[in-house]
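Keep in mind the model is a prediction, meaning the values are calculated, not measured. Letters A, B, ... are given to chains in the order of the sequence lines, protein chains preceding strands, and every chain is numbered from 1.
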Protein chains: 2
Amino acid sequence: MIKKLAQTRESDDIFELSSFTPYLLNQAAEAQSDVFSRNYRDRYGMLRTEWRVLFHLGRHGDMSAKEISESASIHKTKVSRAVRALEEKRFLSRVTSPDDRRSERLSLRPPGQEAFRHLSRAAQDYEAALEQRLGKRDACKLRELLKRLDGT
Amino acid sequence: MIKKLAQTRESDDIFELSSFTPYLLNQAAEAQSDVFSRNYRDRYGMLRTEWRVLFHLGRHGDMSAKEISESASIHKTKVSRAVRALEEKRFLSRVTSPDDRRSERLSLRPPGQEAFRHLSRAAQDYEAALEQRLGKRDACKLRELLKRLDGT
DNA sequence: TGTTGTTAGTTACTTTTGTAACTAACAAGA
DNA sequence: TCTTGTTAGTTACAAAAGTAACTAACAACA
């Protein structure tokens, strides 16, 4: 009898892509990101990097592009493009830093602050809904595990 | 006394990006993906979609692009491009399906099978190392939670 | 002051992905 | 056979991201 390899493998413990953690992480990340992106995409026409930059400014107050780049682990060219896009949307303004004329102080303007507040609430609601779905205990556990994976 | 909003916020329960699940998912997914990608990128010059397609073929035997697309949740244009790249690397061959001349039967050629086996082992090693790091219990829990998030 | 090395940010170029339109083949009737 | 509608896969075009080179400003020191 000729063994059908592919068939046989189905049943034993050959590695399955669907339980490969990097794969699962990616699927879950994409799924969650897609859902939440409606909040900033549909209403403000923002991209993910823009929303992140906006969030950092709203959360931490005025910063330079460099500071955002480091604090958020976003490459400086991505930050640069996001800053320009946010500026074009009148969400932030830049002022050359007096003590170092290479760098610029980025500040949210009122519409940017408004968007920040709105998106901040949306994010909290999103998180609450997720806790609802997974249960408080598992939602915490998930965050904890993800943080442990973050560095490496 | 003038309140410094940004300062004040640091200490209370204002929402932090660093505990926003979609953000954490994304960071963790990128970190893990970057590490594992060395395996297929450096040695075979493959992109992520190519490795996924290769894996599906190795795991499930001959398939059409459509079947891969559905089974792996990858858009058909991405599959199309990955298939072409794998074909150029001599990792797979295509034969027009006799019962439907629109579709093609994709088969791994020996070098493709070899790459599949190698990457399959690498993936298992990777997973084992992760279990080592997180502990068996937490690694399982993580996969379980990610699967629950996958659909939505 | 002039030189050398570094840094903040931008731009140019390339690669990759997403979207939509397309081709060729099929299927089910009229 | 001649529609009409659908499907597998590709291609063309546009959007986004990565990489490297660049500009202008700084810093330290001969």
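Residues forming a salt bridge (charged side-chain N to carboxylate O under 4.0 Å, His left out) with Lys66(A) (at least two apart in sequence, or on another chain): Glu70(A). Among residues two or more places apart in sequence or in another chain, the ring-ring contact (aromatic ring centres under 6.0 Å, His included) test is passed with Phe55(B) by Trp51(B), Phe116(B). In terms of the salt bridge (charged side-chain N to carboxylate O under 4.0 Å, His left out) criterion, residue partners of Asp138(B) (sequence neighbours excluded) are, by chain and number, Lys141(A), Arg148(A). Residues meeting the salt bridge (charged side-chain N to carboxylate O under 4.0 Å, His left out) test with Asp34(B), sequence neighbours left out: none. Among residues two or more places apart in sequence or in another chain, the salt bridge (charged side-chain N to carboxylate O under 4.0 Å, His left out) test is passed with Arg102(A) by Asp100(A).
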Enumerate, atom names and distances included, each donor-acceptor pair closer than 3.5 Å involving a side-chain atom of residues 78-86 of chain A, sequence neighbours excluded.
none

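Neither side chain, His60(B) nor Ser71(B), offers a donor N or O lying under 3.5 Å from an acceptor on the other.
Residue pairs satisfying the ring pair (Phe, Tyr, Trp, His ring centres under 6.0 Å) criterion with at least one member in residues 63-83 of chain A, sequence neighbours excluded, are absent. Counting only residues at least two apart or in different chains, salt bridge (Lys or Arg N to Asp or Glu O under 4.0 Å) contacts with residues 42-53 of chain B comprise Glu50(B)-Lys89(B). Screening residues 104-116 of chain B for salt bridge (Lys or Arg N to Asp or Glu O under 4.0 Å), with sequence neighbours left out, gives Glu67(B)-Arg105(B), Arg94(B)-Glu104(B), Glu114(B)-Arg117(B).
When DNA chain D is scanned in the 5' to 3' direction for atoms under 4.0 Å from non-hydrogen atoms of chain A, the outermost contacting nucleotides are dA16(D) to dC26(D).
Taking a 4.0 Å limit (strictly below) on heavy-atom distances, residues 94-107 of chain B reaches DNA chain C at Asp100(B), Arg101(B), Arg102(B).
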Between N or O atoms, less than 3.5 Å apart, protein on one side and nucleotides 16-19 of chain C on the other: list the pairs.
{"unit_1": "dG18(C)", "atom_1": "N7", "unit_2": "Arg81(B)", "atom_2": "NH2", "d": "2.9"}
{"unit_1": "dG18(C)", "atom_1": "O6", "unit_2": "Arg81(B)", "atom_2": "NH1", "d": "3.2"}

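Lys66(A) comes within 4.0 angstrom of sugar-phosphate atoms only, judged by non-hydrogen atoms across all strands, and of no base.
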